K.L.:
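Here it is: the structure, laid out below.
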Amino acid sequence: MMSSQLLDGLNPSQIAAATHIDGPLLMLAGPGSGKTRVITHRIAHMIETGIDPNQIVALTFTNKAAGEMRARLERIVGRNDVWLGTFHSFCVRLLRRYARLVGLTENFSIYDTDDAKAALLMAVAEADFELTHTTLGKLANRISYFKNRLVTPDILQSEAFSSNDHQVAQVYPVYQQLLLRNSAVDFDDILMHVATLLRSHPELRQTLDARFRYIMVDEYQDTNLAQYVIVRHLSVDHPNLAATGDPDQSIYGWRGANLDNVTNLERDYPTLRVLRLEENYRSTPEILSVADCLIQHNTYRKAKTLLPLRSTGHCVRLHTYPTARMEAEHVADQIVALVNEGDYELNDFGVLYRTNANSRLIEQALTRRQIPFQLIGGFRFYARKEVKDLVAYLLLINNPEDNVAFQRAVNTPSRGIGKQTVDKLERLSRDQETSMLEAARHAVAHQTLGKRPLSAIVGFLKIYDQLCSLVRGPLVDLLQMTIELTHFREHVIKRRRGDESEGDALTNLDELLAEAHELDILANDEQTALETFLEVSALQADTDRLSSDKNIVTLMTLHAAKGLEFRCVYLIAVEENILPHIRSKDDPLSLEEERRLLFVGITRAKDQLQLSYAKSRGFSGQGSGVPSSFLVELPRGELDVVDHCERFDDYTDADGGFDEYHDPSSEAGWDEANQLDGSLDDGASYVDFDESCQLPPEEMAARLGRKRKPAPFPRIRSGLDFSDHDSPPTDPWAEYRPGRTVLHQKYGQGEIIAASGHGPKRSVTILFIDDNSRHTFRLSHVPLEIQH
DNA sequence: ACTCGTAGCCTTTTT
DNA sequence: GGCTACGAGT
């Protein structure tokens, strides 16, 4: 039974996709094919046919995409309990629940790239590793690479590896242990731990498979092995996995995204239904023709058509400029002109580029013309120093084991605790096998430090304990008090004195307070405002802050533009060594990814598209001046080619002009470049895929024999809320339950009269015998001895 | 323990 | 071209 209203306005293949509910489904959706529309209508349709929204999960690439999808869905079916979020946020929730099964505690910290590097640096020191022939960054990248492919320290150490990876193998296990000691995860762990969890706990896997019965994955072409293993394991008994993606838009190979996942789907699900969405509602035929012409130069590719539905529009422009500055100025001028003509508004414009560094001149040109714009990319809001410094206190309050947070908080604002003291505390903590926070308390109690550092630490602990007592109150109060007790504002002002960003830094603090206040309002039983805050602060990407309601121009990298569209797109700096990037040129596969990146950029445009390059671009080296080899692959006859250099005699004769790249001999060169040697081995063969993705043989055999009806799943309240039935049995805090008698250091003996929460975030209310007083404590912060 | 200077590394892309 | 991590000096 399908609602005609719901499917109104969808084309036949879209309807087919939206009404395919049970069984595996792969939607190969070209750009602008109404994919988001299909997904939302599909979910709405599922709900309408009576499926419990609680059993539906839709995983997106960014929080923003999730938010948009939610908004659209709610417009159709109203408020609902469908889980819509990123892979990472979904996995964090799962991991919070089953943290103990992988050696974490429920209140684990999430490290962003900076924190992870700090932790890695500690691990390097601990492993007595010399950073002479490698850098911290490279080491971090390599470890990330392995984690994305589910290569654990054990596997790495047992495999044959290059001398380079031999070094990685020295540090990786130490790093991983250190993270566990701190009860912390890095971004990659979030996925890797969940994959491990599902692989090593069949009964839990089964429970969750039933719990999340309908799983959708958007941007499937950009998933990595860890992500594949996760959705694969959640779709065994209930193989209702629906993936949408476009292999031509796979641009995250460097992050471990694996196009094989598309083929794997066909292999692992023989009944997979593949649907193609090829009709394009977004772009003019001119734009699509250019895009198609380009992408056909990719060798490793399944043919796919782009069917234009819009009527003829403007010619795609290719502009050549003498300098990057002129490029920026002219783009800004065109924006002004088009807006003045009245057909376009500022938010119709997107300026796209390969690297963040390319935004600078455009920013200046727009600023000079007083055109408002938003710049997406570069540093995340939560990665700013003053923000991170403050958040460190909250992290430490939430997770006292977190030594990275401790080290950041303990001496910011500086209070006389230097490297010496911190090193000593780290040694003490390792010797005593406690957190650095505990080691600090111990040092105070036993006077094992010099007088001056000791009193500084006493001061810090006093602040910390005071803050901890506020943990049950509103987050905004906790944050406010942190700022006050640490004299944080004064600290920021002092740091940035004279600096123009001083004001910004203070504004950022206010923004944090506002955010905290907002979360206080949203807080519920499942997750406190503090927990939500810490999750957001770690997982919010810069692209998530993109605003679509303000009437301003958008500047962003091609990667950040994925999934977006603009009426007018300016794709600047289409130059050799920038796009394709210099670092991708040795490897044919990377080169193809660069081509896809340009394809993504082109297909963001609805009405107008201008590609441009400049013959000189400020800084030396960077292959300035040479047009991208991709430009030669475009249909020259269909382009409106404008060379702004002709008026500048100085530049007309300069090397590397477009025309030089259009002679037959160069083209022969490109053809040669396209004849790839077929070496697809990227060294990712550490994990046997079948082994990682299949169930144990016995279980598989058992399954093939019977197609049984799943047991009814316990009633769930909302979202990713878990009932107590599937509570892991390993939670020692569960022992603190009403009726138990406990001993408190100060108040003496009392009886637990109420308890709530799980793990160390569990809090209990106690009626004390001595003075009949009641107090509520968080177990993670107050030692309570159970009396038997 | 803090401040200033320098060397090397960095950025291509981000959850 | 810019940051930042580390080292020497006070």
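Since the structure is predicted, the reported quantities are computational estimates derived from the model, not experimental observations.
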K.L.:
Give the rounded distance in Å between these two atoms: CD1 of A:Ile457 and C1' of B:dA1.
P.N.:
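The answer, rounded to whole Å, is 14 Å.
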K.L.:
Mind calculating the distance between OH (A:Tyr145) and P (B:dT15) to the nearest angstrom?
P.N.:
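Interatomic distance, OH of A:Tyr145 to P of B:dT15: 21 Å.
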K.L.:
Counting heavy atoms not belonging to A:Arg325, are there more than 12 under 6.0 Å from its CZ?
P.N.:
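Atom CZ in A:Arg325 is not packed in, count stays at 12 or less.
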K.L.:
Can you tell me if A:Ser89 touches the phosphate of B:dT15, counting only side-chain N or O atoms and a distance under 4.0 Å to OP1 or OP2?
P.N.:
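Checking A:Ser89 against B:dT15: no side-chain N or O falls below 4.0 Å of OP1 or OP2.
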K.L.:
Nearest to the side chain of A:Phe187 - B:dT15, B:dT13, C:dC6?
P.N.:
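Comparing B:dT15, B:dT13, C:dC6 against the side chain of A:Phe187, the answer is B:dT15.
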K.L.:
Choose from B:dT14, B:dA1, B:dT15 the nucleotide whose nearest atom is closest to any side-chain atom of A:His559.
P.N.:
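Of all the options, the side chain of A:His559 is nearest to B:dT14.
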K.L.:
Toward the 5' end of DNA chain B, which comes first, A:Lys117 or A:Ala538, by nearest nucleotide?
P.N.:
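Final value for this comparison: A:Lys117.
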K.L.:
Could you state the CG-P distance from A:Leu564 to B:dT14, rounded to the nearest angstrom?
P.N.:
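The answer, rounded to whole Å, is 12 Å.
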K.L.:
Do NZ/NE/NH1/NH2 and the carboxylate oxygens of A:Glu535 and A:Arg93 come within less than 4.0 Å?
P.N.:
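Salt bridge present between A:Glu535 and A:Arg93.
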K.L.:
Of the options B:dC10, C:dC6, B:dT13, whose atoms approach the side-chain atoms of A:Lys138 most closely?
P.N.:
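For A:Lys138, the side-chain atoms sit closest to B:dC10.
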K.L.:
Examine A:Arg255 relative to A:Tyr252 and say whether NZ or CZ is less than 6.0 Å from the centre of the six-membered ring and inside a 45° cone about the ring axis.
P.N.:
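The answer is yes; both the distance and angle limits are met.
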K.L.:
Take a 6.0 Å sphere around NZ of A:Lys424 and say whether it holds more than 12 heavy atoms from other residues, nucleotides or ligands.
P.N.:
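Check fails, neighbour count at 12 or below.
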K.L.:
In the structure I gave you, are the side-chain heavy atoms of A:Leu558 and A:Leu598 within less than 4.5 Å of one another anywhere?
P.N.:
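SC-SC contact between A:Leu558 and A:Leu598 ruled out.
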K.L.:
Ring centres within less than 5.5 Å and planes less than 30° apart: is that true of A:Trp254 and B:dT13 in this structure?
P.N.:
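Yes.
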K.L.:
Within this structure, what is the NZ-to-C1' distance between A:Lys562 and B:dT14, rounded to whole angstrom?
P.N.:
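Taking NZ of A:Lys562 and C1' of B:dT14, I get 10 Å after rounding.
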K.L.:
Measuring to OP1 and OP2 of B:dA1, would you say a side-chain N or O of A:Thr421 lies under 4.0 angstrom away?
P.N.:
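Yes, within the criterion.
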K.L.:
Grab the CD-C1' distance between A:Glu219 and B:dT14 for me, whole Å please.
P.N.:
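Nearest whole value for this atom pair: 14 Å.
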K.L.:
Would you check, one step at a time, whether the test salt bridge (Lys or Arg N to Asp or Glu O under 4.0 Å) holds for A:Lys35 with A:Glu219?
P.N.:
CA-CA 10 Å; A:Lys35 185 186 55 172; A:Glu219 307 286 8; 3.7 Å; yes
K.L.:
Tell me: CG of A:Asn356 to P of C:dG1, nearest whole Å?
P.N.:
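Taking atom P of C:dG1 as the reference, CG of A:Asn356 is at 19 Å.
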K.L.:
At less than 4.0 Å, is any side-chain N or O atom of A:Asn63 found next to OP1 or OP2 of B:dT15? Yes or no.
P.N.:
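False: A:Asn63 side-chain N/O out of range (4.0 Å or more) of B:dT15 OP1/OP2.
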K.L.:
Take atom CG of A:Leu375 and atom P of B:dT14, then tell me their distance rounded to the nearest Å.
P.N.:
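Answer to the nearest Å: 11 Å.
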K.L.:
Check this for me: A:Glu511, atom CD, are more than 12 non-hydrogen atoms of other residues, nucleotides or ligands nearer than 6.0 Å?
P.N.:
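Yes, enclosed.
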K.L.:
May I ask you to check whether A:Phe630 and A:His297 place their ring centers less than 6.0 Å from one another?
P.N.:
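No - the distance between ring centres of A:Phe630 and A:His297 does not fall below the 6.0 Å cut-off.
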K.L.:
In which stems does DNA chain C show up, taking only runs of three or more Watson-Crick or G-U wobble pairs whose two distances fall under 3.5 Å?
P.N.:
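When the pairs of DNA chain C are grouped into runs of at least three, the stems are B:1-9 with C:2-10.
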K.L.:
Nearest whole angstrom, please: distance from the P of C:dG2 to the CZ of A:Arg360.
P.N.:
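Those two atoms, CZ and P, are 6 Å apart.
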K.L.:
Output the single nucleotide from B:dT13, B:dA1, C:dC6 whose closest atom is nearest the side chain of A:Gln420.
P.N.:
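Closest nucleotide to the A:Gln420 side chain: B:dA1.
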K.L.:
Taking it one step at a time, do A:Glu531 and A:Arg96 satisfy salt bridge (Lys or Arg N to Asp or Glu O under 4.0 Å)?
P.N.:
CA-CA 11 Å; A:Glu531 287 162 337; A:Arg96 291 252 179 250; over 6 Å; no
K.L.:
Over all strands shown, is A:Tyr252 touching base, sugar-phosphate only, or nothing at heavy-atom distances under 4.0 angstrom?
P.N.:
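Sugar-phosphate, no base atom in range.
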K.L.:
Are any non-hydrogen side-chain atoms of A:Phe373 and A:Thr367 less than 4.5 angstrom apart?
P.N.:
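Answer yes - side chains close enough.
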K.L.:
Listing time: all N or O pairs from protein to nucleotides 2-9 of chain B that are below 3.5 Å?
P.N.:
from, atom 1, to, atom 2, distance (Å)
B:dC2, OP1, A:Gly416, N, 3.4

